[in-house]
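A quick write-up on the structure given underneath.
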2 protein chains.
Amino acid sequence: MAQTRRRGAELEEAILRAAAGELAESGYPGVTMDRVAQRAGTNKNAIYRRWPNRAALGIAAYQLLVKDNTRVPDTGELRGDVLATLRHANEQLSSPNGDILRGLLASMQEEPELLAALHERMADGGAELWLTILRRAVGRGEVAETALRPRIATVAIVLLRNEYVTRGITSVSDEVIVEIVDDVYLPLVRAS
Amino acid sequence: MAQTRRRGAELEEAILRAAAGELAESGYPGVTMDRVAQRAGTNKNAIYRRWPNRAALGIAAYQLLVKDNTRVPDTGELRGDVLATLRHANEQLSSPNGDILRGLLASMQEEPELLAALHERMADGGAELWLTILRRAVGRGEVAETALRPRIATVAIVLLRNEYVTRGITSVSDEVIVEIVDDVYLPLVRAS
DNA sequence: TACCTAAGGTACTGTGTGTACCTTATTTGT
DNA sequence: ACAAATAAGGTACACACAGTACCTTAGGTA
């Protein structure tokens, strides 16, 4: 009954929107090829012509979901910037996004290149954001230039993500975030 | 043709050994109820009478695999202890154990209590081990007593595990381990 | 000896992945 | 304007796996 048959980019977007919808509503387990196809008003063939398997579709949908999440806060002091970024990431990782992330991580065992793509887009996990925050702190004289290393800069978000991935919780309390900042991150960057 | 039918603990051990074998050879995806049952020379009913679902069986098998892995090294200095522990954990987490861990983590989305059990046994992830190492360093005067907090003590292993979980790699290079120790962990505990 | 418990065996439902094959609509080149 | 190429729709399928039902059979126990 469709007046005109959708093609190319139009159909691709419809599929992606359907997959992202399932992801948001039912988590990664809900992203089945049958469900996505039905929701997009198409069939599995159209999906398999674009993504080689369920995992690839899941990553693409996840990227659509968490897009536009990399703003760099500027509160005027390092502690405020770090807290704001962690809290923002905490919202992004909260249920169901945490489940989604965990589900995706596990499904990528055989596709390292897909996992790398996922890692790049992982919510606020990019080192560049953290280096930017630290660079401004260096400019204000809050920390020494030797702290400007990716491994050091991303410690806070790694610890936060660790809470999600290994504890399976749906949301990290603000106390934990403050603890990460005051007990670990700030002492570390000031000592480096 | 079995002379005597196995029962109770004997059968349970046979099932667990079969599951651990599949885990070691094929990772978590290989731990299917059918395969484990066949390998153990029994049937799915016997498994379901003991574990409520595949995830529970997977955790039990994982615990069998990584058992006896918590020795506390004593090299006489903090840096040596930390490096030894991380290198040991790196071996434990190396393929296929890393895949196994990731697979288990993802499957636990609905069973928080199982995930908690897994977390307890996670290779060298227990805070107690790290606190012991730090306590000895405090005794030697290497670090201040204020560093004796779980969040601080476990930072090194969390960073190492992060490499596995988010990057999907099969083994972390020794350079990364040294970087974690010298650039992050030692500065952190000495500053605390 | 009879009973009870637990193991073995088999079959089944339901769901999901991925593929095959054919039909039909739409675009593009001539 | 028409034909050929391209891509979508539709259906059916093979295969694997989780979990359940139901019955049969072995082996301790009273």
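The chains referred to below are lettered A, B, ... by the order of the sequence lines, with proteins before strands, and numbering in each begins at 1. Computed over heavy atoms, backbone and side chain alike; hydrogens, waters and symmetry mates excluded. Keep in mind that what you see is a predicted model, and the values were worked out from it rather than measured.
Atom pair B:I47:CD1 and D:dA18:C1' shows a separation of 12 Å (rounding to whole Å applied). What separates CG of A:L11 from P of C:dA25 is a distance of 16 Å, to the nearest Å. Regarding A:I15, its CD1 atom lies at a distance of 10 Å from the C1' atom of D:dA8, rounded to whole Å. Taking atom CZ of residue B:R54 and atom C1' of nucleotide D:dA18, one finds them 9 Å apart after rounding to whole Å. Rounded to whole Å, the distance from CG on B:N53 to P on C:dT15 is 18 Å. Between A:E12 atom CD and D:dA7 atom P there is a gap of 12 Å when expressed in whole angstrom units.
Nearest-nucleotide positions on DNA chain D for B:K44 and A:N43 put A:N43 closer to the 5' end. Place B:A46 and A:R49 on DNA chain C by their nearest nucleotides, and B:A46 ends up nearer the 5' end.
A cation-pi arrangement is absent between B:R79 and B:Y185 under the rule of less than 6.0 angstrom and at most 45 degrees off the ring axis.
In this structure, B:E77 places its CD atom where more than 12 heavy-atom neighbours from other residues, nucleotides or ligands lie under 6.0 Å away.
For the pair A:R50 and D:dA8, the criterion of a side-chain N or O lying under 4.0 Å from OP1 or OP2 is met. Phosphate proximity of C:dG8 to B:T42: present, with a side-chain N or O under 4.0 Å from OP1 or OP2.
In this structure, B:E12 does not pair ionically with B:R49, as no charged nitrogen and carboxylate oxygen lie closer than 4.0 Å.
Taken residue by residue, residues 30-40 of chain A places heavy atoms nearer than 4.0 Å to DNA chain C at A:V31, A:T32, A:M33, A:D34.
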